[in-house]
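Contents: one structure, followed by commentary.
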Amino acid sequence: MRFNLFRQLDGAESGGTAATSPLLAPPHAAHQEPTGPIKIQTRDVSVFYGDKQALFDVSVDIPDKAVTAFIGPSGCGKSSFLRCLNRMNDTIPIARVKGSIRMDGEDIYDKALDPVLLRARVGMVFQKPNPFPKSIFENVAYGPRIHGLTENKTELADRVEQSLKRAGLWAEVADRLDAAATGLSGGQQQRLVIARAIAVEPEVILMDEPCSALDPIATAKIEELMDELREEYCLVIVTHSMAQAARVSQRTAFFHMGELVEFDDTETIFQNPRDKRTLDYITGRFG
Amino acid sequence: MLLIYLLVLAVFSTAVFVLARRAARRRATVVKAHSAAGYHGAWALIWAAVPALIILILASTFDARIERTVLIASAPEAVQALDAPRRAAFIEDARIVGAGGMPRQIWTGDLSTALQEEAARASRVDGALAWGGLIAAILAALIGAGLAWRQTRPEFRARNRVEAFVSVALFACSAVAILTTIGIVASLVFESLRFFQTVPITEFLFGTQWSPQIAIRADQVGSTGAFGAVPLFVGTFLIMVIAMLVAGPIGLFSAIYLAEYAGPKRRAVIKPVLEILAGVPTVVYGFFAALTVGPSFRAFFNWIGAQLVGGPLDGLGQHLLLVQNQMALVAGAVMGIMLIPFVSSLSDDIINAVPQSLRDGSYAMGATRSETIKRVVLPAALPGIAGAFLLAVSRAIGETMIVTMAAGLAARTTLNPLDTVTTVTVQIVTLLTGDQEFDSAKTLAAFGLGLTLFVVTLILNFAAQRIVQTYREQYD
């Protein structure tokens, strides 16, 4: 295990840097690994729910092959912004999105672009594990089936196996693929949902507070998984836990009252934030 | 009279309530009271009103019976010598005369003089009973109020007592419904047992001849009835299947539309309209079936028959020419229309209960709306929808009015939807309407049918509720 919950505490004790809290210890070597090229570029993105504006002119460059974390107090717009990136806001009738979001230079809000195809490229994992009421196998096979990604049963079974292996769940469920997915534990369900997202080979995986419904051990496993997935995907996570952002992300964006306050390397955000609001938030003065 | 007593009792117990409440307030000035003054008042009110009320009700229910028993027990020899029905008639006349009325029969000799004496006695007994009941009620009210008054002390836990009483009263109300059900079932079972003594249960359940008309005189033709209910079961089943073929798909699809496609505005219009459809009395559907749908279906099939006669399908044509207004198809189709709102409303609730997170999960995988509905929402809602369908089936086989008016009376074992068939409910109606002797096999057959119907719908409802319940638990 490359990460665990306690490692940050150890780091804080031995490092003794300017961190303001042991949980916000200095990032270790993993954080200094170079990130990939820009994957998603947003310019002046605003989100409205009816007459109410939830997000104001957000411009960020999200790198590939890295974990980007969105942090901020509840209702700050970070989840709304995340849901723009795969156009999930389209499913809310009163939601409206302004501004430009480009993935690999392509405008994802282009009228000609089918949001259904976009979502096959941008997977999403939700706060509460939401396995379909089907078998474990059928859950993972869902995406490949609806997108017709495999030619025959053997290929499908292979893909399911690969996805479960990459999500670190294969060893636990290999002998009961036909069992109901709802019978798994919360942490297993969340990894199953990640396997389900991986199975369609997306380029980006969005995670909306993926660990908030899980216990610390399950959380540690998911975080470990994120760190592995980072090598192949562009990961964007929304999290309430600053410690989690510090542990797993390379880039961090801090949102407050619907505005993007600061977006920088995770190390900078947690050790040397430019904005006072960021400093107040990470030191626990509000939020 | 009783009304006046009740009014007096109401005034009295209200006064007790007010007084006890005031007393509770006054007595609680030194020590802090356990219960609010209102509870002390309510407790006193319960004690003043409930025992007196029970006595009044018992007295007015049983006074005639007690009076009769007393009169018979002490009647003179001449009356005692009469046979039971005549004696009862005599006592009844004595009571009528005692109350100042005219006797219904002419009594002669000893009985004529006895009648006057008995009438006087009846009047005395009646008065005594009435006064006795009233005095007992007044005493009960006073004693109850007095007891409660003495309990009006600050430390008395009036609130707990009142709440216990309320919960008992509420339980009694729900028990009424349950006891009534048990009573109905018991009467069904006992009358059915009497029926099965005349007609063996195997013959009833598996016999294929149904002609329950038993002649009054033994020498009449067809003097024995036949009680094989299979044609009725088949008819009921046939109409139920037709009704579900109409209501199932239309109801389910309209539920899917309402739950997944309709915007809030359209939903706000369509759902109430569908529910109004559920409020149309079934007799209205019945004459819609009998007067509109039946004749037009008949005209349609007769026309097709006329085209076919003489051609290669001559046999079919001849058959279609004979189609009548009343047929299984008409009853089933109209019943299906009646069930649409039932199915769609239940299914809509169930589809709405599928968590949004499942839909989000599917959309986030790049699934379209129809893929999401087909592969995620409907499979998740399937158990609940099955439950809804079972409830609809149970209503279909219990439905009476539409089939009475549109299905016909001929007990035939057929699966041809164009034939007239008859159902269990229709036969119960025909067996029990009009003047009937209550102990012939013909009337008792209705109870046998009723019991069968009851058992089948009970099983269906039970299964449906279990299914829907486990489904609900899954997503709570």
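The chains referred to below are lettered A, B, ... by the order of the sequence lines, with proteins before strands, and numbering in each begins at 1. What's counted below: heavy atoms across the whole structure, side chains too, no hydrogens, waters or symmetry copies.
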What part of [X] is in contact with chain B, defined as an atom under 4.5 angstrom from a non-hydrogen atom: side chain, backbone, both or neither?
| X | value |
| --- | --- |
| A:F132 | both |
| A:R87 | neither |
| A:P131 | backbone |
| A:V122 | backbone |
| A:I146 | both |

With chain B as the partner, which of [options] has the greatest number of non-hydrogen pairs under 4.5 Å?
| options | value |
| --- | --- |
| A:R121, A:M88, A:Q127 | A:M88 |
| A:V200, A:L118, A:T91 | A:T91 |
| A:E138, A:M124, A:H147 | A:H147 |
| A:K128, A:K134, A:R145 | A:K134 |

Decide if atom [atom1] of [X] counts as having more than 12 heavy atoms of other residues, nucleotides or ligands within a radius under 6.0 Å.
| X | atom1 | result |
| --- | --- | --- |
| B:F462 | CZ | no |
| A:N152 | CG | yes |
| A:K98 | NZ | no |
| B:F237 | CZ | no |

Query raised in the report: Atom CG of A:N130 and atom CD of B:Q356: how far apart are they, to the nearest 0.5 Å?
Result: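 Here the rounded value is 10.5 Å.
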
**Report entry** B:S362 OG to A:R119 CZ distance, which is reported to the nearest 0.5 Å
**Finding:**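 Spacing of OG (B:S362) from CZ (A:R119) equals 9.5 Å.
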
**Report entry** B:E371 versus A:Y142, closest heavy-atom pair with distance
**Finding:**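 Shortest heavy-atom contact: O-OH, 3.9 Å.
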
Query raised in the report: Closest heavy-atom contact between B:G366 and A:V116?
Result: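 Closest pair (atom of B:G366, atom of A:V116, distance): O-CG1, 2.9 Å.
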
Query raised in the report: Heavy-atom distance under 4.5 Å between the side chains of A:P133 and B:L358, does that happen here?
Result: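 Sidechains of B:L358 and A:P133: in contact.
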
Requested in this report: Considering only heavy atoms and a distance below 4.5 Å, find which of B:P264, B:G361, B:G263, B:P379 pairs most often with chain A.
Outcome: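 Sorted descending by pairs with chain A, the first entry is B:G361.
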
